[in-house]
Peer 1: 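Just passing along the structure, written as structure tokens.
Whatever order the structure lists ligands and atoms in, that order sets their numbers, starting from 1.
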Amino acid sequence: MKTQKRLGILTSGGDCPGLNAVIRAVVNHAISTYGWEVVGIPYATKGLLERKAIPLSLHGLDLRGIDPLLNMGGTILGSINKGDTLDRIDEIITCYHDLELDALIGIGGDGSLAILNKLRAVGNWQFIAIPKTIDNDVALTDRVVGFDTAVNTIVDSLNRLTFTAASHDRIMIVEVMGRSAGHLALHSGIAGGADVILIPEIAYKIGEICQHLAELREKWGRKFAIVVVAEGIKIAEDSALYPSCQTPTCGIGQYIADEIRNCSHNELDIRVSVLGHIQRGGIPTALDRLVATAFGKTAVDLVAAGETGKMVAWHNGQVEAVALDAVLLHSPLHVTTNSYLVETARALGIYIGK
Ligand code: F6P
């Protein structure tokens, strides 16, 4: 039986901090433990279609002995989060075989992993998935690569905004990413001391937000407030201004600002910050590097064990393999409306809707 493998690795979907740390772990473990050849497929399925494979080596990226991949944001392989992949399945499978790959490790969010899983099934590939996304919406894993860094980036912004908000008695509206899930807003809002957190999973009322802000001022003497708004929230039932506002085109942070301004009869001084792609950049946190490294190592071991159609997952402080089909069935994973974090937010007097 052939034991020398040619292993492909690709990153797909929106980038996030920690992808390079995964690549580093996969390359190191596959080469030093198993003696395999590892090639990077640039720009995910686009690279496959173009039959591109970049040789990756243990010391290929060393800078005078420094190993930059562990703390470098983005992905050295490049990524795409759109394309016509599903219309070109047969072509991609042919290209995969032309590249003489024995196995593929794909790092992606639920959308990319669904496409890669389809290719695996039709092409009969040996494929192992590694979950990454700042949205934290991949099911059946307690951790994904990239989420912790994004949360910390937002918290850093909230810390900065709090002092300028307090100095000017302002209401700061902070729009954060997350697509249709509220994990990013909920985690960063609690950790960053928000007064209001709006997430797609929980309905809110503009009138209740205004009442909450008034209470903060009148009962507690707090003249400023931090309002974290997930990009995926829908317009409120009691919206007076924007009956046709649909995310992401209307700018949901601005919408909330205008609604609060309206219901407070223009008495509040309000500013909006849209954090945007700042949330996807930066140096990965220690936790993201740890998760990336453990995921990369385990993915290689799963390839060595002959597994396919599996995703590495973090459970109870360990990395396990779960069936990718099952992961995709339950993704995107949303915030449970009575989760302990939602209850914690409420207990701390944060308005989060009902
Ligand atoms: O899925 C990650 C994510 O950053 C979402 O939070 C956001 O809605 C989307 O990607 C932005 O995508 P793009 O980089 O294409 O603007």
Side-chain angles (χ1 to χ4, degrees), residues 10-20 22 42-46 73-75 77-86 106-117 129-139 141 143-158 173-189 191-192 197-201 228-235 245-256 272-285 288 291-292 311 327-328 330-335:
L10 59 79
T11 48
S12 184
D15 74 321
C16 64
L19 295 176
N20 287 322
V22 179
Y43 301 100
T45 47
K46 183 171 180 285
T75 163
L77 294 177
S79 193
I80 48 164
N81 62 359
K82 52 181 166 293
D84 51 359
T85 310
L86 287 175
I107 312 161
D110 65 320
S112 303
L113 294 184
I115 292 168
L116 292 165
N117 194 39
I130 298 182
K132 65 85 215 167
T133 168
I134 67 162
D135 304 338
N136 200 32
D137 58 354
V138 177
T141 179
R143 298 195 187 288
V144 295
V145 176
F147 179 64
D148 187 63
T149 309
V151 169
N152 278 283
T153 302
I154 298 170
V155 168
D156 178 58
S157 301
L158 298 183
I173 312 288
V174 187
E175 182 184 314
V176 303
M177 284 184 167
R179 240 183 253 272
S180 66
H183 305 284
L184 205 48
L186 182 60
H187 286 239
S188 58
I197 302 173
L198 304 181
I199 61 174
E201 295 85 348
V228 173
V229 179
E231 64 178 353
I233 63 164
K234 300 284 172 285
I235 64 156
C245 177
Q246 295 292 332
T247 56
T249 44
C250 70
I252 203 74
Q254 189 58 51
Y255 154 78
I256 292 292
V272 180
S273 297
V274 180
L275 298 189
H277 289 77
I278 286 170
Q279 296 159 94
R280 292 240 297 258
I283 296 172
T285 58
D288 269 335
V291 172
M311 185 188 85
V327 170
L328 296 171
H330 295 98
S331 300
L333 180 77
H334 287 106
V335 172

Peer 1: My understanding is that only one of Ile252, Val274, Ile199 makes a side-chain contact (heavy atoms from CB on, under 4.5 Å) with Val229; could you say which?
Peer 2: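 Exactly one option meets the side-chain contact (heavy atoms from CB on, under 4.5 Å) with Val229, and it is Ile252.
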Peer 1: Looking only at atom types and distance, does a side-chain atom of Asn20 sit under 3.5 Å from a main-chain N or O of Gly74, one as donor and one as acceptor?
Peer 2: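 Such a contact is found between Asn20 side chain and Gly74 backbone.
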Peer 1: For atom 9 (C) of ligand 1, what is the nearest protein heavy atom, given as residue, atom name and distance?
Peer 2: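 Nearest protein contact, heavy atoms only, for atom 9 (C) of ligand 1 is Arg179 NH2, 3.6 Å.
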Peer 1: Hey, mind stepping through Val228 and Leu198 against side chain to side chain contact (heavy atoms under 4.5 Å, CB included) and telling me if it holds?
Peer 2: CA-CA 6 Å; Val228 173; Leu198 304 181; over 6 Å; no
Peer 1: When you measure from the heavy atoms of His277 to every atom of ligand 1, does any distance fall below 4.0 Å?
Peer 2: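 The answer is yes, since His277 has a heavy atom less than 4.0 Å from ligand 1.
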Peer 1: Which of the atoms of ligand 1 are close to Asn81, meaning less than 4.0 Å from one of its heavy atoms?
Peer 2: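 Matching atoms, with element in brackets: 12 (O), 13 (P), 14 (O), 15 (O).
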Peer 1: Sub-3.5 Å donor-acceptor pair from the side chain of Thr141 to the main-chain atoms of Val144, do we have one?
Peer 2: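 No: the side chain of Thr141 does not pair with the backbone of Val144.
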Peer 1: Less than 3.5 Å between some nitrogen or oxygen of Glu231 and one of ligand 1, yes or no?
Peer 2: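 Looking only at distances, the answer is yes, because the N/O contact criterion of under 3.5 Å is met.
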Peer 1: Taking Asn152 as the fixed residue, which of Ile154, Asp148, Asp156 is the one that meets the side-chain contact (heavy atoms from CB on, under 4.5 Å) rule?
Peer 2: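 In the set Ile154, Asp148, Asp156, the residue that makes a side-chain contact (heavy atoms from CB on, under 4.5 Å) with Asn152 is Asp148.
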Peer 1: Would you mind checking which non-hydrogen protein atom is closest to atom 1 (O) of ligand 1, with the distance to 0.1 Å?
Peer 2: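 Checking every protein heavy atom, the shortest distance to atom 1 (O) of ligand 1 gives Asp135 OD2, 2.7 Å.
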Peer 1: Under the 3.5 angstrom rule, does the side chain of Arg280 hit a backbone N or O of Asp15 as a donor-acceptor pair?
Peer 2: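 Yes, the answer is positive, given that a donor and an acceptor are paired below the 3.5 Å cut-off.
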Peer 1: Just let me know how Gln279 lines up against ligand 1, side chain, backbone, both or neither, with a heavy-atom cut-off below 4.0 Å.
Peer 2: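 Neither; nothing of Gln279 gets under 4.0 Å from ligand 1.
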Peer 1: Which bit of Leu184 gets closer than 4.0 Å to ligand 1, counting heavy atoms only: side chain, backbone, both or neither?
Peer 2: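 Neither; nothing of Leu184 gets under 4.0 Å from ligand 1.
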Peer 1: Which residue owns the protein heavy atom closest to atom 3 (C) of ligand 1, what's the atom, and how far is it?
Peer 2: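 Protein heavy atom at minimum distance: Arg280 NH1, 3.5 Å.
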Peer 1: Which atoms from ligand 1 have a heavy atom of Ile134 less than 4.0 Å away?
Peer 2: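 Numbered from 1, ligand 1 contributes 4 (O).
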Peer 1: Less than 4.5 Å apart, any side-chain heavy atom of Leu19 and any of Leu77?
Peer 2: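 Contact flag for Leu19/Leu77 side chains = no.
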Peer 1: With nothing but distance in play, are any N or O atoms of Gly178 less than 3.5 Å from an N or O of ligand 1?
Peer 2: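 In this structure, Gly178 places an N or O atom under 3.5 Å from an N or O of ligand 1.
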